[in-house]
Amino acid sequence: MAEKVLKKPRSFYDIYERNPSADKKMPHYCPGCGHGNVHKFIAEALDDFDVADRTIFISPVGCSVFAYYYFDTGNIQAAHGRAPAVATGIKRAHPHSIVISYQGDGDLAAIGTAEILHAANRGENITVFFINNAIYGMTGGQMAPTTIVGQKTTTTPYGRRPQNEGYPVKIAELISQLEAPVYVERVALFDNKHRAKARMAVRKAIKNQVDNLGFSLVEVLSPCPSGWKMDPVDAMHWIEEEMVKVFPLGVYKDITKEVEPYHIEEFKPEAEEIKELLDLKTESKSFARSTVPEKYKNPEIKIAGFGGQGVLLLGAALAQAGMLQDYHVSWLPSYGPEMRGGTANCHVNIREIEIGSPVVANPSILIALNRPSLEKFEPDVQSGGLIIYDSSLIDIEPSRKDVEILAIPSTKMADELGNTRIANMVVLGAIAGYTNFFDLKTLFETLNTAIKRKNLIEINRKAVETGYQFGKEHRVK
Amino acid sequence: MEKHVLDKPFVKVEPELCKGCGLCIEACPPHVLEFHSSFNTKGYHYAYYVGDGCTGCGVCFYACPEPEAITVYKKGYEYVGEEVA
Ligand code: SF4
Ligand code: SF4
Ligand code: SF4
């Protein structure tokens with residue numbers, strides 16, 4: 001009976017539970033707003049192709065920011081202008097989903113120009129609906145990139161002047177110049193005939209994706225009665241009389257008959273293949289794990305200090321050593337814009353099972369190489385954890401009583417070995433010696449890959465060895 | 001419940017879900033939709049069907065921005081109970 005009745009499409013929620021306001025049946029758009037029509041066309045198409053269950057709808061920033069109140073699909077709300085980038089990620093992670101990026105002119109044609117251009121240029125297999133109403137509706141009627149010459153807005157009270165504000169941006173024309181997009185059309189909502197055309201274009205753009213044909217974009221000239229300060233019927237006339245002159249309607253590109261459908265193949269190169277491509281050592285070595293006391297197992301490590309102290313390298317070396325013993329490892333650097341002098345820290349996990357998140361918020365082992373780092377991160381250390389700090393640089397002691405503490409004058413020790421900059425490797429040795437996590441054999445092998453300049457390997461070995469002895473001597477009894 | 005088959009097209013406007021934009025009224029070819037003289041609780045003069053002359057063409061449904069303000073039933077639509085009234 002479906003064809004005998006035209007009623008609210010099933011791809012809309014019956015009740016808009018996500019809307020915090022009391023009225024959960026009426027959308028938030030102004031009377032006569034074109035967003036409603038386009039929403040309806042989309043929902044109807046999702047019904048007809050029976051794809052709502054695998055559709056992921058990306059809401060933008062702008063009046064349609066709350067589109068996720070209405071569509072009974074997967075929903076994600078993206079940062080301003082970033083919907084095509086988010087859509088790219090989703091489509092690649094879920095190639096069988098139908099991904100719709102729905103954007104207004106401020107979102108797509110101003111702050112998000114880079115995202116849309118490159119998503120289109122890559123030919124992402126997504127569908128983009130671009131609502132062009134020539135104004136910033138949500139924020140109160142300011143000029144948009146698509147405001148037409150002479151159009152008065154709150155920020156162009158004399159009308160848009162090209163000398164001052166430039167010309168309207170023509171998205172359908174721009175995108176259709178790119179090689180990859182398969183379908184680009186501009187439609188309008190101003191009368192029955194054009195609404196019917198718009199409806200067909202919306203369907204085609206979605207169908208293209210269902211058929212895996214590639215990137216489709218439909219630009220819709222849509223009324224914003226509130227922003228234009230017109231009643232809804234006059235707003236329709238304004239589209240017909242003014243907007244269409246500037247933004248000619250029609251199909252700008254359609255190569256859907258010529259292109260081959262995408263083949264979604266999982267691309268999973270073997271680890272060995274990647275190593276070879278990246279010119280990494282391919283002989284894979286494996287070292288036996290040491291017997292580690294229970295409390296030091298699966299360490300979550302945070303290493304912090306000044307940039308230039310080798311904080312990141314120390315973390316990388318620990319992770320590398322973990323790999324040599326077939327642990328799951330992660331290494332997450334975090335540093336300021338300065339390469340030297342700023343603060344740096346990194347997070348390292350070495351685990352027997354797979355790692356969920358590389359972030360270490362509460363370390364079981366904190367390695368503090370300067371005073372600010374000790375002060376900042378000491379409170380975060382897990383109870384029963386371990387704090388290792390450079391006592392030659394830090395003139396205070398940790399105040400925690402519920403953790404183990406290893407004070408090591410690593411900078412001084414490195415100086416005595418002849419190079420201040422190997423203090424980090426003294427600490428590497430000390431962690432291993434103290435916890436018995438790694439033996440020297442594993443650490444020495446780590447140095448072979450971690451230290452790029454071969455003439456420095458010897459002194460780094462010495463640093464590790466010295467640190468190792470120190471750590472071993474200071475083990476808690 | 002009693003089963004019915006619609007012998008002529010019918011259009012239904014939900015007064016409480018209509019924002020009174022007037023687009024359906026402008027769009028309807030035989031001009032059988034009009035603004036009601038009273039307001040709904042939102043304060044809009046809602047659209048209503050004058051009761052006769054709807055051809056079931058459906059253009060008001062696509063002209064209306066609201067998801068469920070308008071429902072168009074075509075001739076031959078089968079229903080039970082009071083759905084179309
Ligand atoms: S401000 Fe304009 S675009 Fe935004 S909801 Fe109102 S009419 Fe629609
Ligand atoms: S279905 Fe057609 S004839 Fe009937 S009310 Fe709507 S626009 Fe008018
Ligand atoms: S188009 Fe929809 S909202 Fe506008 S008056 Fe008609 S029924 Fe009401």
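Numbered from 1 within each chain, the chains take letters A, B, ... in sequence-line order. In this text, all values refer to a predicted model and were calculated from it rather than measured experimentally.
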Quick one: pull up OH in B:Tyr77 and CG in A:Leu6 and give me the separation to the nearest 0.5 Å. 11.0 Å
Quick one, A:Phe12 and B:Glu68 - any side-chain contact, counting heavy atoms below 4.5 Å? no
Does A:Arg10 have more than 12 heavy atoms from other residues, nucleotides or ligands lying within 6.0 Å of its CZ? no
Side chain / backbone / both / neither for A:Asp23 at chain B, heavy atoms under 4.5 Å: side chain
How about A:Lys152: does its NZ atom have over 12 heavy atoms from other parts shown lying under 6.0 Å from it? no
Has the side chain of A:Asn192 got a donor or acceptor atom that lies under 3.5 Å from a matching backbone atom of B:Ala27? yes
Which atoms of B:Leu6 are under 4.5 Å from chain A, going by heavy atoms: the side chain, the backbone, both sets, or neither? neither
Interface moiety of A:Tyr16 toward chain B, non-hydrogen atoms closer than 4.5 Å: side chain
Taking B:Pro9, B:Ala69, B:Cys64 one by one, which has the highest count of heavy-atom pairs under 4.5 Å against chain A? B:Cys64
Is chain A contacted by the side chain of B:Glu14, its backbone, both, or neither, given a heavy-atom distance below 4.5 Å? neither
Under 4.5 Å from a heavy atom of chain A, the part of B:Lys75 involved: backbone
B:Lys19 side chain to A:Tyr29 backbone, donor-acceptor under 3.5 Å: yes
Minimum heavy-atom distance between A:Gly32 and B:Cys21, given as atom pair plus value: N-CB, 3.5 Å
Check A:Met26, A:His39, A:Lys8, A:Lys25 against B:Glu66 for a side chain to side chain contact (heavy atoms under 4.5 Å, CB included) and give me the one that passes. A:Met26
Look at atom CG of A:Asp231 and say whether more than 12 heavy atoms of other residues, nucleotides or ligands are closer to it than 6.0 Å. yes
Ring-face cation of A:Lys40 near B:Phe61 (centre distance under 6.0 Å, axis angle within 45°): yes
Atom group of A:Tyr70 that falls short of 4.5 Å from chain B, counting heavy atoms: neither
Side chain, backbone, both or neither: which part of B:Tyr79 has a heavy atom under 4.5 Å from chain A? neither
Any side-chain heavy-atom pair from B:Val72 and A:Val5 closer than 4.5 angstrom? no
To the nearest 0.5 Å, what is the distance between CG on B:Leu23 and CG on A:Leu189? 9.5 Å
